[in-house]
Novice: 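Pasting in a structure now, in structure tokens, and then I'll have a few things to ask.
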Amino acid sequence: MSMKIAFVASRAPLAQTARAALIGRYGDAHMDDADVIVALGGDGFMLQTLHGTQHLPAPVYGMNRGTIGFLMNAYSESDLQARLEAAEEATLNPLSMTTTDSKGARHSALAINEVSLLRAGPQAAKLRITVDGRLRLDELVCDGALVATPAGSTAYNYSAHGPVLPIGSDVLALTAVAAFRPRRWRGALLRQTSQVRIDVLEVDKRPVMAEADARSFRDVVSVEIRSEPTISHSILFDPGHGLEERLISEQFS
């Protein structure tokens, strides 16, 4: 029996053209009834799709019609049913972020890749870092800091010289972005169950913004970050090209 497939695509013309071609060959199920959701675009669109479909049981299989496509499979219009049947599944738990801004308002968001704090003005940020209720760094002067999941460890975290984390390692990466003091401090490895609090020092002089997978919140004074085990995302990869293999290969490229 054929799988019921729902196709979604980014706004890019290349992705829209691919969606039309695939629907012509395989039809297009409603996402609520689909056995699998096929996302066409780049990594940003894949994250958007995972967030938007987290309430649905269907896993997401991505095909690259974007730029980098680390979370995507190679694009092909042929043998899609066979590829989906043979696909390997990876389960991802997002990070939960809660921010408090300078007016006392609180905002929450989820991040599959990372939660990042970035300076929002000309001067470096000053941050205080607490892990599981224990002060670990009383002052970090930097352009920013981030907490990354294993799935997101090859994204912004890797660009900031953070470590690549194997899938299933139950570890989070806490990474500094251009640390000035302490000099050359690049971060720490934390248990997945760790709860991280980052307080912004000298808020008026050194404004900071927080992001969770590109959802931005400005003028934050504190950010609380933890893994969210009650929410999971299922993502499919072609055999031999799963997320674990990609993370290992990235370190030897």
Novice: Between A125 and V208, which heavy-atom pair has the shortest distance, and what is it?
Specialist: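 Minimum heavy-atom contact is CB-CG2, 3.7 Å.
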Novice: Check whether any side-chain heavy atom of V223 lies under 4.5 Å from a side-chain heavy atom of L117, and answer yes or no.
Specialist: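 Of all side-chain heavy-atom pairs linking L117 with V223, at least one is under 4.5 Å.
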Novice: May I ask you to decide whether R19 forms a salt bridge with D28, counting only side-chain N to carboxylate O separations under 4.0 Å?
Specialist: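 Looking at D28 together with R19, the answer is yes, because their closest N to O distance falls below 4.0 Å.
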Novice: Using side-chain contact (heavy atoms from CB on, under 4.5 Å), reason through Y156 and N113 one step at a time and then give a plain yes or no.
Specialist: CA-CA 9 Å; Y156 190 12; N113 270 3; over 6 Å; no
Novice: Looking only at heavy atoms, what is the nearest atom pair of A120 and M209, with distance?
Specialist: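 Smallest heavy-atom distance, with atoms named: CB-N, 4.2 Å.
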Novice: Give me the atom names and distance for the closest heavy-atom approach of H55 to G52.
Specialist: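 Scanning both residues, the minimum pair turns out to be CE1-O, 3.2 Å.
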Novice: Between the side chain of E88 and the main-chain N/O of G240, is any donor-acceptor distance below 3.5 Å?
Specialist: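 Checking the backbone N and O of G240 against the side chain of E88, a donor-acceptor pair under 3.5 Å is found.
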Novice: At what distance, to the nearest 0.5 angstrom, does CD1 of I225 lie from CG of L95?
Specialist: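 It is 7.0 Å, given to the nearest 0.5 Å.
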Novice: Check whether N157 reaches the backbone of P163 with its side chain - one donor and one acceptor, N or O, closer than 3.5 Å.
Specialist: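 Such a contact is found between N157 side chain and P163 backbone.
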Novice: Do T100 and F217 come within less than 4.5 Å of each other through their side chains, counting heavy atoms only?
Specialist: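 T100 does not reach F217 side chain to side chain.
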Novice: Assigning hydrophobic clusters by single linkage (Ile, Leu, Val, Met, Phe, Trp, Tyr; side-chain heavy-atom cutoff under 4.5 Å), is L236 placed with Y75?
Specialist: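 Same hydrophobic cluster.
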Novice: Is the backbone of L165 close enough, under 3.5 Å, to the side chain of S169 for a donor and an acceptor to pair up by distance?
Specialist: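 No; judged by distance alone, with no hydrogens or angles, the pair does not exist.
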Novice: Are any of the side-chain heavy atoms of R197 and S222 separated by less than 4.5 Å?
Specialist: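 In short, these two side chains touch, coming nearer than 4.5 Å.
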Novice: Evaluate N93 against T149 for side-chain contact (heavy atoms from CB on, under 4.5 Å), listing each step before the verdict.
Specialist: CA-CA 8 Å; N93 297 115; T149 66; over 6 Å; no
Novice: Between R183 and R181, what is the shortest heavy-atom contact and its length?
Specialist: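 Nearest pair, atom of R183 first, then R181: NH2-NH1, 2.9 Å.
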Novice: Got a second to check how far D213's CG is from M97's CE, nearest 0.5 Å?
Specialist: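 Rounded to the nearest 0.5 Å, the CG-CE separation comes out at 9.5 Å.
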Novice: Let me confirm one number: the NZ-CE distance from K4 to M31, rounded to the nearest 0.5 Å.
Specialist: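 Rounded to the nearest 0.5 Å, the NZ-CE separation comes out at 14.5 Å.
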Novice: Step by step, work out the side-chain hydrogen bond (donor to acceptor under 3.5 Å, both in side chains) result for E89 and T91.
Specialist: CA-CA 7 Å; E89 185 172 5; T91 301; 4.7 Å; no
Novice: Is any side-chain heavy atom of V171 closer than 4.5 Å to one of P150?
Specialist: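 A side-chain contact is absent here, since even the closest heavy-atom pair is not under 4.5 Å.
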Novice: Checking Y26 side chain against E77 main chain: does a donor-acceptor pair fall under 3.5 Å?
Specialist: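 Yes, Y26 side chain to E77 backbone: donor-acceptor pair under 3.5 Å.
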Novice: I'd like to know if D132 pairs up with R191 as an ion pair, taking the criterion as any Lys NZ or Arg NE/NH1/NH2 lying under 4.0 Å from an Asp or Glu carboxylate oxygen.
Specialist: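 Counted as a salt bridge, because a side-chain N and a carboxylate O are separated by less than 4.0 Å.
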Novice: CG of L146 to OG1 of T175: how many Å apart, nearest 0.5 Å?
Specialist: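 Here the interatomic distance stands at 5.0 Å.
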Novice: Test the R83-Y61 pair against the cation-pi criterion, namely NZ or CZ under 6.0 angstrom from the six-membered ring centroid and within 45° of the ring axis.
Specialist: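 No, R83 does not sit over the ring of Y61.
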Novice: Under a 4.5 Å side-chain heavy-atom rule over Ile, Leu, Val, Met, Phe, Trp and Tyr, are L47 and L56 clustered together?
Specialist: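 Hydrophobic grouping puts L47 with L56.
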Novice: Does the side chain of I5 come within less than 4.5 Å of L84's, by heavy atoms?
Specialist: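 A side-chain contact exists here, since the closest heavy-atom pair is under 4.5 Å.
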Novice: Treat each ILVMFWY residue as a node, draw an edge where side-chain heavy atoms are under 4.5 Å apart, and state whether I112 and Y158 are in one component.
Specialist: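 Yes, one cluster joins them.
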Novice: Under a 4.5 Å side-chain heavy-atom rule over Ile, Leu, Val, Met, Phe, Trp and Tyr, are L40 and I23 clustered together?
Specialist: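 As far as the 4.5 Å side-chain criterion goes, I23 and L40 are connected within one cluster.
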Novice: Quick check against the 3.5 Å criterion: does D101 have a side-chain atom that pairs as donor or acceptor with the backbone of G104?
Specialist: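 Yes, the answer is positive, given that a donor and an acceptor are paired below the 3.5 Å cut-off.
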Novice: What closest approach, in Å, do A6 and A29 show between heavy atoms, and which atom pair accounts for it?
Specialist: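 Taking A6 first and A29 second, the nearest heavy atoms are CB-O, 3.3 Å.
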Novice: Do H107 and V220 come close enough that some side-chain heavy atom pair is under 4.5 Å?
Specialist: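 Sidechains of V220 and H107: no contact.
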Novice: Would you mind reporting whether R226 and S194 have side-chain heavy atoms less than 4.5 Å apart?
Specialist: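 S194 does not reach R226 side chain to side chain.
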Novice: Considering all heavy atoms of both residues, which atom of A111 and which atom of E114 are nearest to each other, and what is their separation?
Specialist: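 That closest heavy-atom pairing would be CB-O, 3.3 Å.
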Novice: Closer than 3.5 angstrom, by distance alone: can the side chain of D143 be matched with the main-chain N or O of A124 as a donor-acceptor pair?
Specialist: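 Checking the backbone N and O of A124 against the side chain of D143, no donor-acceptor pair under 3.5 Å is found.
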Novice: For the pair D138 and R128, find out whether any cationic side-chain nitrogen is under 4.0 Å from an anionic carboxylate oxygen.
Specialist: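 Salt bridge absent between D138 and R128.
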Novice: Measure the spacing between CD of E211 and OG1 of T99 and express it to the nearest 0.5 Å.
Specialist: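 Interatomic distance, E211 CD to T99 OG1, rounded to 0.5 Å: 12.0 Å.
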Novice: Taking atom CZ of R206 as the centre, report whether more than 12 heavy atoms of other residues, nucleotides or ligands fall under 6.0 Å from it.
Specialist: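 Result for CZ/R206: enclosed.
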Novice: Calculate, to the nearest 0.5 Å, the distance between atoms CE and NE2 belonging to M46 and H233 respectively.
Specialist: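 So the CE of M46 and the NE2 of H233 are separated by 11.5 Å.
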Novice: Group every Ile, Leu, Val, Met, Phe, Trp and Tyr by side-chain heavy-atom contacts under 4.5 Å, then state whether V164 and I235 land in the same group.
Specialist: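 Yes, same cluster.
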Novice: side-chain contact (heavy atoms from CB on, under 4.5 Å), that's the test. Do L127 and V200 meet it? Break it down for me.
Specialist: CA-CA 5 Å; L127 309 175; V200 180; 4.1 Å; yes
Novice: Indicate yes or no for a side-chain donor-acceptor contact from T49 to the backbone of A39 under 3.5 Å, with no hydrogens or angles considered.
Specialist: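 Checking the backbone N and O of A39 against the side chain of T49, no donor-acceptor pair under 3.5 Å is found.
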Novice: Quick one: does any side-chain atom of Q16 pair with a main-chain N or O of S10 as donor and acceptor, under 3.5 Å?
Specialist: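 Pair found, side chain donor or acceptor close to backbone of S10.
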Novice: Sequence neighbours excluded, which residues qualify as ring pair (Phe, Tyr, Trp, His ring centres under 6.0 Å) partners of F237?
Specialist: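 Ring pair (Phe, Tyr, Trp, His ring centres under 6.0 Å) list for F237, sorted by chain: empty.
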Novice: Are V38 and V8 close enough that some pair of their side-chain heavy atoms sits under 4.5 Å apart?
Specialist: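 Of all side-chain heavy-atom pairs linking V8 with V38, none is under 4.5 Å.
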Novice: Ignoring hydrogens and geometry, is there a side-chain-to-backbone donor-acceptor pair from T17 to L14 under 3.5 Å?
Specialist: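 A pair under 3.5 Å: no.
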Novice: Can you check whether K126's main-chain N or O pairs, donor with acceptor, with E139's side chain at less than 3.5 Å?
Specialist: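 No; zero donor-acceptor contacts below 3.5 Å.
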